[in-house]
Amino acid sequence: ADYIHEALKPISWLAGRWYTVTGRGSYPNVREFGYHEELEFICLGQPMFNFLSISHHPEKGTAMHQERGFLRILPEKEKVALVVSHNIGLTTIEEGHYDSNLKEIKLASVSIARTSFSKPPHVTNLLREFVLLSPDTLQVTVFMKTDKKPLSQHLKAVYKKVE
Ligand code: HEM
């Protein structure tokens, strides 16, 4: 990510590739698990980041959850929208605000859709938070609600920037 579109200035701290130093997953009645994940926020000259997430099993190295999408920005309102397709047959549109001083982004799902044959339980709400802890350290937290379980933390990970 050499060139970053002017509109992305307030969230330019996200740009680049990130890799977990710690990734912990949890959910009610799910055994706590560790995972590795690569994240990408790449600007192709448009006023948005192309977003990619691929998680891996920490021992086996096999691919697990995956996401591809776009992080769009509306600087006039300090708003962002993450449009994502997940490999589990799910699409989420998440919207929220950024704080360019605190260097954080808070998103909440505004729309969720799934394939007719996606495996239950169904996700009904998703909250995501990105916080830059230092210029090369990113923290991501995800809370999730399903049609079976209340809003609970599913993911917490800390990443280092890949040079
Ligand atoms: C479980 C959704 C990201 C690993 C689940 C469940 C759902 C879900 C609906 C079932 C929960 C239950 O049985 O009550 C999502 C969504 C994600 C996400 C929407 C992204 C926002 C991840 C990531 C990993 C992961 C990044 C990393 C490896 C797991 C594991 C389980 C699980 C290991 C438990 C075993 C299983 O049921 O397959 N997730 N997940 N998830 N998720 Fe995620």
Side-chain angles (χ1 to χ4, degrees), residues 1 8 11 13-42 48-74 79-99 102-133 136-162:
L8 294 173
I11 56 167
W13 43 272
L14 270 180
R17 296 181 56 225
W18 302 85
Y19 202 85
T20 41
V21 281
T22 58
R24 300 295 304 165
S26 55
Y27 207 62
N29 302 337
V30 169
R31 191 149 53 90
E32 271 215 4
F33 58 93
Y35 64 95
H36 295 173
E37 186 182 22
E38 55 183 295
L39 284 185
E40 254 183 40
F41 295 89
I42 304 292
M48 68 193 69
F49 280 123
N50 287 22
F51 170 69
L52 176 76
S53 147
I54 304 180
S55 57
H56 300 275
H57 191 280
E59 286 94 35
K60 293 180 248 174
T62 48
M64 294 178 74
H65 192 91
Q66 294 191 57
E67 300 170 18
R68 286 172 185 259
F70 302 94
L71 182 63
R72 298 176 50 81
I73 188 163
L74 184 63
K79 281 189 79 168
V80 281
L82 184 60
V83 180
V84 190
S85 78
H86 304 246
N87 66 335
I88 56 175
L90 191 75
T91 62
T92 55
I93 296 180
E94 303 160 39
E95 293 194 10
H97 288 88
Y98 60 80
D99 186 318
L102 294 177
K103 296 196 168 53
E104 61 177 45
I105 294 177
K106 287 184 177 164
L107 297 166
S109 56
V110 294
S111 170
I112 295 179
R114 62 185 58 83
T115 61
S116 60
F117 51 90
S118 70
K119 192 173 121 203
H122 294 327
V123 181
T124 54
N125 191 13
L126 204 59
L127 303 180
R128 238 197 259 244
E129 200 177 284
F130 297 90
V131 184
L132 194 76
L133 301 179
D136 72 342
T137 315
L138 181 70
Q139 178 180 279
V140 178
T141 316
V142 173
F143 281 77
M144 169 172 90
K145 186 178 189 299
T146 67
D147 54 359
K148 298 279 191 299
K149 306 272 171 64
L151 189 68
S152 313
Q153 185 167 307
H154 186 36
L155 309 167
K156 181 159 206 149
V158 174
Y159 310 78
K160 282 286 180 194
K161 188 159 238 173
V162 179

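Whatever order the structure lists them in is the order used to number ligands and atoms, beginning at 1.
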Given side chains that start at C-beta, do those of Leu8 and Phe41 come closer than 4.5 Å, heavy atoms only? no

Considering only protein heavy atoms, determine whether one is less than 4.0 Å from atom 42 (N) of ligand 1. yes

Can you check whether Leu107 reaches Val80 side chain to side chain, under 4.5 Å on heavy atoms? yes

What part of Thr92, side chain, backbone, both or neither, has a heavy atom within less than 4.0 angstrom of ligand 1? neither

Between Tyr35, Phe143, Phe33, flag the one that comes closest to atom 31 (C) of ligand 1 by a heavy atom. Phe33

Given a threshold of 2.8 Å, state how many protein N/O/S atoms are nearer than that to atom 43 (Fe) of ligand 1. 1

Among all protein non-hydrogen atoms, which one is nearest to atom 37 (O) of ligand 1, and what is the separation to 0.1 Å? Lys119 NZ, 4.7 Å

Hey, is His122 one of the residues with a heavy atom under 4.0 angstrom from ligand 1? no

Within-4.5 Å side-chain heavy-atom neighbours: Phe130 and Ile11: no

Shortest protein heavy-atom distance from atom 35 (C) of ligand 1, along with the residue and atom involved: Val30 CG1, 4.8 Å

Taking atom CZ as the centre, does Arg114 end up with more than 12 heavy-atom neighbours from other residues, nucleotides or ligands that are less than 6.0 angstrom away? yes

Which residue owns the protein heavy atom closest to atom 19 (C) of ligand 1, what's the atom, and how far is it? Leu90 CD2, 3.8 Å

Report the nearest protein non-hydrogen atom to atom 20 (C) of ligand 1: residue, atom name, distance rounded to 0.1 Å. Glu67 OE2, 3.2 Å

Ligand 1 atoms nearer than 4.0 angstrom to some heavy atom of Lys149 are 14 (O)

Output side-chain donor-acceptor pairs under 3.5 Å for residues 84-93, partner residues at least two apart or in another chain, one line each.
{"residue": "His86", "atom": "ND1", "partner": "His65", "partner atom": "NE2", "Å": "3.0"}
{"residue": "His86", "atom": "NE2", "partner": "Thr92", "partner atom": "OG1", "Å": "3.0"}
{"residue": "Asn87", "atom": "OD1", "partner": "Gln66", "partner atom": "N", "Å": "3.0"}
{"residue": "Asn87", "atom": "ND2", "partner": "Met64", "partner atom": "O", "Å": "3.0"}
{"residue": "Thr92", "atom": "OG1", "partner": "Glu94", "partner atom": "OE2", "Å": "2.7"}

If you compare Ala63, Pro121, Ser118 by their heavy atoms, the one closest to atom 10 (C) of ligand 1 turns out to be Pro121

Of the protein's non-hydrogen atoms, which lies at the shortest distance from atom 9 (C) of ligand 1, and what is that distance? Val123 CG2, 3.6 Å

Under 4.5 Å between any side-chain heavy atoms of Trp13 and Leu138, yes or no? yes

Glu37 and Ser53: side chain donor to acceptor below 3.5 Å: yes

Is the shortest heavy-atom distance from the side chain of Asn50 to the side chain of Phe70 under 4.5 Å? yes

Compare all side-chain heavy atoms of Thr124 with those of Ile112 and state whether any distance is below 4.5 angstrom. no

Under 4.0 Å from a heavy atom of Met64: which atoms of ligand 1 are those, numbered in the order shown and with their elements? 28 (C), 33 (C)

Would one find more than 12 heavy atoms of other residues, nucleotides or ligands at under 6.0 Å from atom CZ of Arg68? no

So for atom NZ, which belongs to Lys149, do other residues, nucleotides or ligands contribute more than 12 heavy atoms lying within a distance under 6.0 Å? yes

Arg128 atom CZ, neighbour heavy-atom count above 12 within 6.0 Å: yes

Hey, is Lys148 one of the residues with a heavy atom under 4.0 angstrom from ligand 1? no

Measuring only between side-chain heavy atoms, which start at C-beta, is Val140 closer than 4.5 Å to Glu129? no

Checking heavy atoms under 4.0 Å, the part of His86 that sits near ligand 1 is side chain

